[in-house]
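The basis for the numbers below is simple: all heavy atoms, side chains too, and nothing from hydrogens, waters or symmetry mates. Throughout, protein chains are lettered first and strands after them, A, B, ... in sequence-line order, and every chain is numbered starting at 1.
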Amino acid sequence: MNITFLLNGETVELADADATTTLLDWLREERGLKGTKEGCNEGDCGACTVMVSDENGSRALNACILFLPQLNGKSLRTVEGIAAPDGRLHPVQQAMIDDHGSQCGFCTPGFIVSMATAHRNGARDFDDQLAGNLCRCTGYAPIIRATRSAADQPVPDWITDAPVTATANRFMPDSSDALAKLYEANPDATLVAGATDVGLWVTKGLRDIDPVIFLAGCSDLKQVSIDDETLRFGAMADMNTVRAAIADLHPSYAEMIRRYGSVQVRNAATIGGNIANGSPIGDNPPALIALGATLHLRKGDQRRDLPLEAFFLDYGKQDRRPGEFVEAVSFSRQTDRLKCYKISKRFDQDISAVCGCFNITVADGVVSEARIAFGGMAGIPKRATSVENALIGKPWSDDTVDTARAGFDEDFAPLSDMRASATYRLETARALLSRYFAEDRGVAGSVLEVQP
Amino acid sequence: MPDTLQTPAGHVRLGSNSGQPMTRRDGIAKVTGTATYAADNRPDRLAHAVFASAGIARGRVVSLNVEAAKSHPEVIEVITPDNRPALHLDPDGKSHPFSWRIEALQDNTVRYAGQPIALVVAETLEAATEGARLLAPEYDTDPARIGFENGEAYDPPAVGIGGNPSFSKGDFDTGFSNSEHRIGASVDTPAQYHNAMEPHAIVAEWSGDHLTIDTPNQAIHLARGAFAGYFGIPPENVTLRSPFIGGGFGSKAILVGPQILAIMAARMVDRPVKLVLRRDQMFGPVQHRGATRQKLRIGTDGNGLIKALEHEATASTSSFDDFIEGAGNASLNMYASPAIVARHSAVRVDTGTPGPMRAPGEASGSAALEIAIDKAAEAVGMDPLEFRLRNYAETDPASGKPFSAKSLRECYELAAQKFGWSDRPLAPGQMRDENGMLVGWGMGSALFPAPMFAAQARATLRRDGTALVETSGADMGQGAWTALAQIAADGVGLPVDRIEFMSGTTDQPDAGVAGGSGHTASAGGALFEAGSNAVQKLADLATADPESPLFGAGNTGVEAREGRLFRADDESRSESYADILERAGLERIDAMGSGGRDPANTEARAMFSHGAVFAEVKIDPDLFQIRVSRLIGAFAAGRIINPHLAKSQLTGGMIWGIGFALHEEGIHDLRSGRPLNADLAGYHVPVNADAPHVEALLVDEDDPYVNALGIKGVGEIGITGSVGAIANAVWHATGKRISSYPIHIDALLS
């Protein structure tokens with residue numbers, strides 16, 4: 001593929017760029033820019049964080065799972081491009097020195113780029129902005145202090161790059177119509193949206209995924225529309241965009257997304273990709289199923305809709321036909337009754353042991369509607385239909401909840417694995433229903449007696 | 001003399017550089033990405049190597065498709081046991097206490113999953129990776145032995161590096177059976193993996209019989225000798241460069257097989273070769289903290305005085321080498337008891353060989369000991385802090401020797417006060433926060449020995465008024481570039497910006513091992529002495545020179561400060577280093593120095609750093625998710641050279657305590673023996689959101705015996721005490737004693 005991008009202010013044009021060469025390998029091995037480090041090569045540690053900017057602003061991304069063609073039309077800054085060309089330090093660099101935020105220093109370039117990106121975006125949620133960078137030395141506090149102390153200083157002018165025009169490529173369609181045609185004609189192609197999952201097929205699975213269709217140019221697929229009736233997310237909406245869009249409407253879902261991946265991963269990951277790859281522990285599907293979401297699929301000019309839960313057939317198997325792609329997911333505007341509970345051993349960047357999402361509507365003291373969906377309890381994201389049935393039409397009361405709790409044993413037969421035991425998973429599912437009820441009744445935090 | 005007036009105990013006075021909270025001298029290089037780590041080197045004609053990892057844990061490789069790998073157009077060479085060149089030393093031998101048996105393709109045996117079974121060298125990293133995949137190994141598989149139940153038990157001749165596997169004083173059985181309160185505790189700790197952010201890496205290049213290596217290393221000269229030994233060349237033919245180490249934590253102190261393979265490959269293909277481990281390859285050939293299974297018994301009298309203490313530990317090691325966590329020995333030096341027993345046994349399993357990992361022995365042992373001590377306090381009905389004070393060891397419990405210095409009481413007091421410990425309800429399950437979370441407070445005592453290693457340094461005073469000071473120090477994040485330079489500057493009596501500090505390669509004199517928390521003391525001592533010796537030579541010149549204002553000051557002495565020598569008895573008479581050298585017609589004057597400890601003090605005193613850690617946890621009463629919300633520690637570790645650096649080390653260690661207590665665990669599949677979580681998504685190190693308010697307080701301590709500078713270490717002690725403090729806080733929140741680490745979310749299910 002032929003691509004054009006800016007690297008630390010300098011135009012780079014690559015002819016015949018390999019579709020699956022990662023930016024990290026290219027920077028270190030081809031370009032000789034060695035400041036960007038490889039710590040894990042799978043998007044877990046953030047040592048390879050780079051700043052990627054376009055007309056929509058600047059994002060921190062993991063270079064280890066970013067394919068070169070994804071840079072087409074972007075401007076890129078690595079740690080070498082954070083200080084001024086004359087050597088003046090960026091405020092975050094000076095702050096990291098002053099606050100002893102760098103010890104062994106290997107994670108430092110990634111932190112610096114994350115910090116500079118957050119600084120440029122005026123972000124103040126420092127803990128969240130740096131959640132995707134691991135450090136084994138400092139314990140993070142000095143780094144957070146440095147980020148905070150640099151926050152009020154102006155954004156240096158050298159960080160801002162001129163816009164770049166992407167080079168046209170046949171396998172980089174610029175609209176969903178073009179994609180539909182291309183994919184129908186090449187149903188064996190691999191679709192790459194953010195590459196947070198497909199990237200690992202290459203870097204860890206060593207798979208040959210050619211031919212590859214890059215979706216980043218399909219700007220219509222990135223659209224989020226919210227009207228009086230419906231919320232509709234184009235498949236290419238990234239998870240930070242999704243989070244912002246639902247923050248006021250379904251705050252519990254938004255809060256769950258905050259702990260889903262890291263900033264770098266959420267900046268790349270798309271809602272459509274998360275659904276299409278069908279992970280049994282993906283955190284979006286339980287929330288969307290609980291919201292009653294509809295999945296919109298397209299193949300050529302044919303479109304079909306189905307309830308999201310019907311898309312997941314079995315472990316690793318989805319109802320998607322050759323040449324068919326996820327175009328969007330939508331759900332109705334509704335009074336917010338949704339609560340999402342992501343249970344994991346580590347607070348951030350951890351795969352859920354259990355992800356339970358509850359959406360229970362009560363009218364005149366009686367449960368009128370109940371949609372409850374879980375991840376981590378079966379091979380696919382799955383509804384708790386017995387529990388739902390035990391609730392619907394019953395008074396919204398302790399007794400009903402107590403009775404309904406038993407339904408989880410009918411709905412799920414979870415496995416024990418290194419994240420949690422089957423017993424814990426079932427126990428937790430039951431406890432989460434009780435918690436949902438207690439929180440709804442305004443009992444703070446816990447189902448146990450709480451002293452003020 | 002420089003300003004190093006001897007105190008009566010032989011404890012020197014340092015100058016104005018040491019003790020200052022200087023920022024790191026390597027800070028700019030690190031924040032701009034110009035600090036060069038081993039894998040960043042790209043010499044001309046570089047070839048890339050990738051090793052194929054065994055997919056079974058025990059058996060033999062019966063076939064490798066070398067032809068397929070070689071048919072890749074960019075593959076240069078494939079090395080297997082069939083064509084591997086001979087090594088001068090047996091990789092299954094142990095030439096010195098710091099050498100491990102390594103995997104260097106000596107035969108087709110597979111001893112653990114992830115072991116190197118072939119090496120592919122190619123023009124690009126991608127081709128080497130693909131070549132390794134194309135080898136498609138086939139195996140004769142024997143059943144994997146994983147876990148204490150399935151391994152082969154034996155009695156280890158030593159624990160740690162040369163440590164005693166058993167210890168006994170007094171009559172435990174009588175003391176225990178006569179005790180009013182008797183408790184037992186069983187605690188398992190899992191395999192843990194160092195996972196420094198920088199994976200192990202090496203770039204090796206031969207030039208005739210000279211070998212140049214870029215590889216992160218914590219003991220540069222020791223490694224030089226070992227590398228030379230394997231390849232049959234004199235040590236001086238090896239140049240090893242390790243200016244920046246991206247975290248070591250013990251795993252970069254000892255040679256590993258992949259380094260030998262890369263050097264071998266470089267010789268075979270006659271090109272520089274780079275080998276960088278993938279993250280998943282960090283879970284096999286580069287050591288780990290071995291799992292332990294510990295049992296303790298403590299008997300106390302009615303007043304809470306410990307009468308008998310027993311600590312038994314079983315540790316896992318590999319099937320082919322021995323590194324036994326000396327966990328039981330953590331009970332030898334902390335609490336007073338008339339009867340103490342420590343015993344170790346070992347189990348061989350099909351994993352890579354363990355090695356020292358931040359506070360080896362002490363971390364695992366303290367994690368169990370502090371739970372047992374808490375249970376003993378509970379049995380007596382006593383506050384855990386009061387119980388620990390009641391059993392405070394005024395002399396070393398194991399040897400009976402006096403401590404060189406011990407300020408643990410001050411640590412308890414300072415940290416407890418800062419934490420607010422006096423408000424703690426005695427019984428568990430009494431506290432809730434505003435969100436209904438269960439709250440618990442726990443504590444642990446911290447301890448780490450203060451070893452020293454032989455070290456040398458050279459100081460050169462130059463006519464331009466600057467000095468060159470050299471030692472092969474290793475900076476793995478602790479700040480050697482800064483702290484050692486501060487000491488070196490005081491040694492030569494110059495401000496730190498007027499010295500050139502050279503470190504991190506074999507071109508400098510041997511700085512010993514950056515391990516055992518002894519590097520600053522060892523290398524710092526050598527630097528200081530080298531500087532003092534150089535200044536002494538300069539003073540000899542001046543005081544013998546009738547033209548010098550210092551002439552004749554020999555008997556009363558001179559002092560060195562800011563690049564000048566002053567008469568000790570008359571400050572108005574002084575002369576600059578530059579003038580003295582100028583008049584003597586010398587460009588420079590140099591001297592060597594060595595670090596060490598007065599053997600008489602070693603014989604007479606027990607030497608440890610001490611500390612106390614207090615933890616607060618919050619636990620969801622329904623879901624049992626555990627968060628550490630506060631961790632406050634106070635530590636006494638002799639003289640602190642740079643408080644910023646010391647606090648960074650201590651808080652870093654305390655965060656490791658959180659990792660140990662709640663997260664870190666290498667899990668192997670019992671059937672295949674393969675690691676199940678060999679990546680940073682599955683092997684959990686603490687992330688920012690898990691890092692609570694952590695505070696390390698420093699307690700001033702003057703230790704006149706530990707070494708001339710009065711320095712102990714701070715690199716490892718932070719993890720000890722912290723782990724047990726968290727487990728004890730979990731008990732205080734829930735009433736549930738845990739029996740294994742890390743504490744799982746389902747461990748608190750009743």
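Residue contact with chain A, scored on non-hydrogen atoms closer than 4.5 Å, is absent for B:Asp475. Contact annotation for B:Met476: only backbone heavy atoms (N, CA, C, O) come within less than 4.5 Å of a heavy atom of chain A. Looking at A:Asn41, neither its backbone nor its side chain comes within 4.5 Å of chain B, counting heavy atoms on both sides. For B:Thr23, the parts lying near chain A are the backbone and the side chain together; criterion is any non-hydrogen pair under 4.5 Å. Proximity to chain A (any heavy atom under 4.5 Å) is restricted, for B:Leu125, to the side chain, taken from C-beta onward. Using a 4.5 Å cut-off between heavy atoms, B:Ile658 does not touch chain A at all. Within the 4.5 angstrom heavy-atom criterion, no atom of B:Met431 approaches chain A. Of the atoms belonging to B:Ala35, it is backbone heavy atoms, and not side-chain ones, that fall under 4.5 Å from chain A. With a threshold of 4.5 angstrom between heavy atoms, A:Glu38 approaches chain B through N, CA, C or O but not through any side-chain atom. Both the backbone and the side chain of B:Arg24 come within contact range of chain A, with heavy atoms under 4.5 Å apart. For B:Val687, the parts lying under 4.5 angstrom from a heavy atom of chain A are both the backbone and the side chain. For B:His693, no part lies near chain A; criterion is any non-hydrogen pair under 4.5 Å. With a threshold of 4.5 angstrom between heavy atoms, A:Ile143 does not approach chain B through any atom at all. There is no contact between A:Ile351 and chain B, counting heavy-atom distances below 4.5 Å. In this structure, the portion of B:Ile667 lying under 4.5 Å from any heavy atom of chain A is its side chain and not its backbone. Looking at A:Leu206, both its backbone and its side chain come within 4.5 Å of chain B, counting heavy atoms on both sides. For chain A, the nearby parts of B:Ala39 are the backbone and the side chain; heavy atoms of each come within less than 4.5 Å.
Your options are B:Val276, B:Val685, B:Asp26, B:Val31, and the one with the most heavy-atom pairs under 4.5 Å with chain A is B:Val31. Counting heavy-atom pairs closer than 4.5 Å to chain B, the top residue among A:Gln103, A:Lys37, A:Lys34, A:Arg136 is A:Arg136. Chosen from B:Ala196, B:Gly247, B:Ala681, the residue pairing most often with chain A at heavy-atom distances under 4.5 Å is B:Ala681. The candidate with the highest count of non-hydrogen atom pairs below 4.5 Å against chain A, out of B:Asn688, B:Leu645, B:Asp280, B:Leu676, is B:Asn688. Put simply, of A:Ser102, A:Cys107, A:Gly35, the one with the most heavy-atom pairs under 4.5 Å next to chain B is A:Ser102. Listed options B:Ala691, B:Gly682, B:Pro686 were ranked by heavy-atom pairs under 4.5 angstrom with chain A; first place goes to B:Pro686. With chain B as the partner, the residue from A:Asp127, A:Leu130, A:Thr36 showing the most heavy-atom pairs under 4.5 Å is A:Asp127.
Contacts between residues 26-33 of chain A and chain B, counted as heavy-atom pairs separated by less than 4.5 Å, involve A:Arg28, A:Glu29, A:Glu30, A:Gly32. Proximity to chain B at a heavy-atom threshold of 4.5 Å picks out A:Met418, A:Arg419, A:Ala420, A:Ser421 from residues 414-421 of chain A, in numerical order.
Using a 3.5 Å distance cut-off with no hydrogens or angles, the side chains of A:Ser344 and A:Arg259 do pair a donor with an acceptor. In the model, A:Asp283 has a side-chain atom that pairs as donor or acceptor with a side-chain atom of A:Ser352 under 3.5 Å. There is no side-chain donor-acceptor pair under 3.5 Å between B:Glu126 and B:Thr124.
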* Under the side chain to side chain contact (heavy atoms under 4.5 Å, CB included) rule, what do A:Met96 and A:Thr108 come out as? Steps first, then yes or no, please. => CA-CA 9 Å; A:Met96 275 287 267; A:Thr108 305; 4.0 Å; yes
* Give the C-alpha distance, both sets of side-chain angles, the deciding distance and a yes or no for side chain to side chain donor-acceptor pair (under 3.5 Å) between B:Thr36 and B:Asn41. => CA-CA 7 Å; B:Thr36 303; B:Asn41 290 287; 5.8 Å; no
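The aromatic rings of B:Tyr741 and B:Phe660 sit perpendicular, their planes meeting at an angle over 60°, well past the 30° parallel limit. The aromatic rings of A:His90 and A:His119 sit perpendicular, their planes meeting at an angle over 60°, well past the 30° parallel limit. Using cut-offs of 30° and 60° for the angle between ring planes, the B:His684 and B:His663 rings count as perpendicular.
Because its NZ or CZ atom is not both nearer than 6.0 Å to the ring centre of B:Trp481 and within 45° of the ring axis, B:Arg25 does not count as a cation-pi partner of that residue.
At least one donor-acceptor pair closer than 3.5 Å links the side chain of A:Asn133 to the backbone N or O of A:Gly46.
Classification of B:Glu665 and A:Arg346 as a salt-bridged pair fails, no side-chain N sitting under 4.0 Å from a carboxylate O. Looking at A:Glu42 and B:Arg279, no side-chain N of the basic residue comes within less than 4.0 Å of a carboxylate O on the acidic one, giving no salt bridge.
Shown are B:Asn195, B:Leu277, B:Asp679; of these, the side chain to side chain contact (heavy atoms under 4.5 Å, CB included) with B:Phe283 is made only by B:Asn195.
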